[in-house]
Amino acid sequence: MQKDFKIKAKEFDLEATMYSGQTSQPPWHPNGGGYNELLTVNNKPSLITIKQADDKLHITIEAHEKIPLYKVKERINHIFDLKFNIEEFYDFLYSHPPLDSVIDYSRGLRLFLAKDVFECIISSIASANCSIKRWTNAINHIKRSWGRGYQFSKGIFYSFPTPTILAGLDDNSLRSAGVGYRASYIIRTSRMISRIPIKDLKRMDYDRAFNILLKLPGVGPKVADCILLYGFRKLEAFPVDVWIQRIMKHLFSVDDKKLRDFVKDEFNDYAGYVQLYLYNYARKSGILEGVQ
DNA sequence: GCCCAGGGCTATA
DNA sequence: TATAGCCATGGG
């Protein structure tokens with residue numbers, strides 16, 4: 001079956017979101033101004049092509065079996081967080097200087113949510129102390145090596161392997177994907193995950209889910225927050241990396257120890273989006289140049 | 001060839 | 001509890 005349709009997407013920048021380095025997954029495969037990716041809908045593999053034109057997204061589906069269109073629409077709306085009221089978020093930023101200055105560097109940037117929560121967990125672990133370019137290449141390598149390939153008219157596309165498959169790998173073969181010493185973290189976490197119902201995390205409150213994730217090898221506070229934000233859409237999560245530390249110190253003079261409490265009090269449920277915009281601002285504005 | 005990367009783990013005090 | 005080294009290795 002092959003179908004296409006459009007969905008409304010105001011205040012959304014697909015390209016900026018795709019390349020914002022969120023650890024839910026690597027960027028989708030660019031193709032003629034649009035992007036291709038394998039998406040499992042109703043347990044059926046389908047190739048999605050997404051392209052932005054003005055305030056609309058043009059979606060094409062190619063699948064071997066019939067798939068309800070509204071399900072695909074739901075998935076797209078979820079992955080790019082299109083139902084999030086971003087105007088209201090901008091109002092929040094405008095009324096909380098100096099946050100008002102970050103908007104112009106990231107207008108239309110939204111969450112890039114996991115299409116596969118396990119992929120998000122492994123991507124987040126792989127991203128620690130690693131460049132965005134490198135961990136996205138590694139994840140793509142893992143997909144090609146151990147994921148399942150599906151043939152479409154545009155080529156073969158691979159799913160992310162299951163926890164059981166990664167749990168069965170030995171350290172050296174996983175290292176061949178380019179994850180370095182994180183290989184053992186990934187294998188050990190996969191072993192634990194294949195025995196734990198990670199879907200339960202979605203229902204849990206933020207603090208409880210955070211503390212459970214910390215038990216996974218390779219998962220510290222920053223990675224746990226990435227998993228909660230990009231994997232489970234816990235909007236209170238505020239992943240703190242070196243860039244966020246520097247920009248928070250620069251803008252608010254908060255030291256690292258008081259950061260979590262400060263964020264909880266000041267940003268509340270906008271914490272995740274504030275982090276997204278601050279990260280972009282810290283890297284793109286050049287405001288930190290010359291600041292240690 | 002050098003340096004750094006969206007941190008986490010482990011040993012020490 | 002707090003801080004100091006150490007970690008693999010691809011990419012710029």
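Per chain, numbering begins at 1; letters A, B, ... match sequence-line order.
In this pair, F160(A) and F118(A) present their aromatic rings perpendicular. The plane angle is above 60°, beyond the 30 to 60° band. Aromatic ring orientation, Y181(A) versus Y185(A): perpendicular (interplanar angle above 60°, classes split at 30° and 60°).
A straight line from CD1 of I132(A) to P of dC4(B) spans 18 Å, rounded to a whole angstrom. Here dC9(B) presents its C1' atom at 14 Å from CG of L216(A), a figure rounded to the nearest Å. In this structure, R188(A) places its CZ atom 7 Å from P of dT10(B), rounding to the nearest Å. Distance I186(A) CD1 to dA8(C) P: 13 Å, rounded to the nearest Å. What separates CG of D256(A) from P of dT3(C) is a distance of 10 Å, to the nearest Å. Y181(A) places its OH atom 13 Å from the P atom of dA5(B), with the value rounded to the nearest Å. In this structure, R246(A) places its CZ atom 11 Å from P of dC4(B), rounding to the nearest Å. What separates CG of D225(A) from C1' of dG7(B) is a distance of 13 Å, to the nearest Å.
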Could you please spell out the steps behind the side-chain hydrogen bond (donor to acceptor under 3.5 Å, both in side chains) verdict for S24(A) and Q22(A)? CA-CA 6 Å; S24(A) 54; Q22(A) 299 180 53; 5.6 Å; no

Give the C-alpha distance, both sets of side-chain angles, the deciding distance and a yes or no for side chain to side chain contact (heavy atoms under 4.5 Å, CB included) between Q52(A) and E15(A). CA-CA 9 Å; Q52(A) 182 163 37; E15(A) 187 180 3; over 6 Å; no

Check against side-chain hydrogen bond (donor to acceptor under 3.5 Å, both in side chains), Y270(A) and Y277(A): CA-CA 11 Å; Y270(A) 281 135; Y277(A) 278 61; over 6 Å; no

Using the side chain to side chain contact (heavy atoms under 4.5 Å, CB included) rule, take I86(A) and R110(A) through it: C-alpha gap first, then chi angles, then the decisive distance, then the call. CA-CA 8 Å; I86(A) 210 162; R110(A) 288 174 186 260; 3.7 Å; yes

Hey, what are the protein-to-nucleotides 10-12 of chain C N/O distances that come in under 3.5 Å?
from	atom 1	to	atom 2	distance (Å)
dG10(C)	O4'	R134(A)	NE	3.3
dG11(C)	OP1	N137(A)	ND2	2.5

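With side-chain heavy atoms closer than 4.5 Å counting as contact, directly or through intermediates, the hydrophobic cluster containing Y35(A) also holds M1(A), F5(A), I7(A), F12(A), L14(A), M18(A), Y19(A), W28(A), L39(A), V41(A), I48(A), I50(A), L57(A), I59(A), I61(A), I67(A), L69(A), V72(A), I76(A), I79(A), F80(A), L82(A), F112(A).
Note on S176(A): nothing from the nucleic acid sits closer than 4.0 angstrom, heavy atoms only. Base contact: G21(A) has a heavy atom under 4.0 Å from a base atom. Within 4.0 Å of V223(A), counting heavy atoms only, lie sugar-phosphate atoms of the nucleic acid but no base atom.
Using a cutoff of 4.0 Å between basic side-chain nitrogens and carboxylate oxygens, R260(A) and D225(A) are scored as salt-bridged. Between K258(A) and E266(A), no side-chain nitrogen of the basic residue sits less than 4.0 Å from a carboxylate oxygen of the acidic one, so the salt-bridge criterion is not met.
At a cut-off of 3.5 angstrom, counting only N and O atoms as typed in the model, there is no donor on one side facing an acceptor on the other between the side-chain of Y185(A) and the base of dG7(B).
Using atom P as the reference point in both dA11(B) and dA8(C), the two lie 14 Å apart (nearest Å). Taking the P atom of each, dG10(C) and dC9(B) are spaced 23 Å apart, rounded to whole Å.
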Nucleotide pairing, DNA chain B (Watson-Crick or G-U, distances under 3.5 Å), in dot-bracket with [ ] and |: .||||.|||||||

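Toward the 5′ end of DNA chain B lies the nearest nucleotide of W135(A), the other residue of the pair W135(A) and P217(A) mapping further downstream.
Using a 4.0 Å cut-off, some side-chain N or O of K257(A) falls inside it from OP1 or OP2 of dT3(C).
Aromatic pair H29(A)/F157(A): centroids less than 6.0 angstrom apart.
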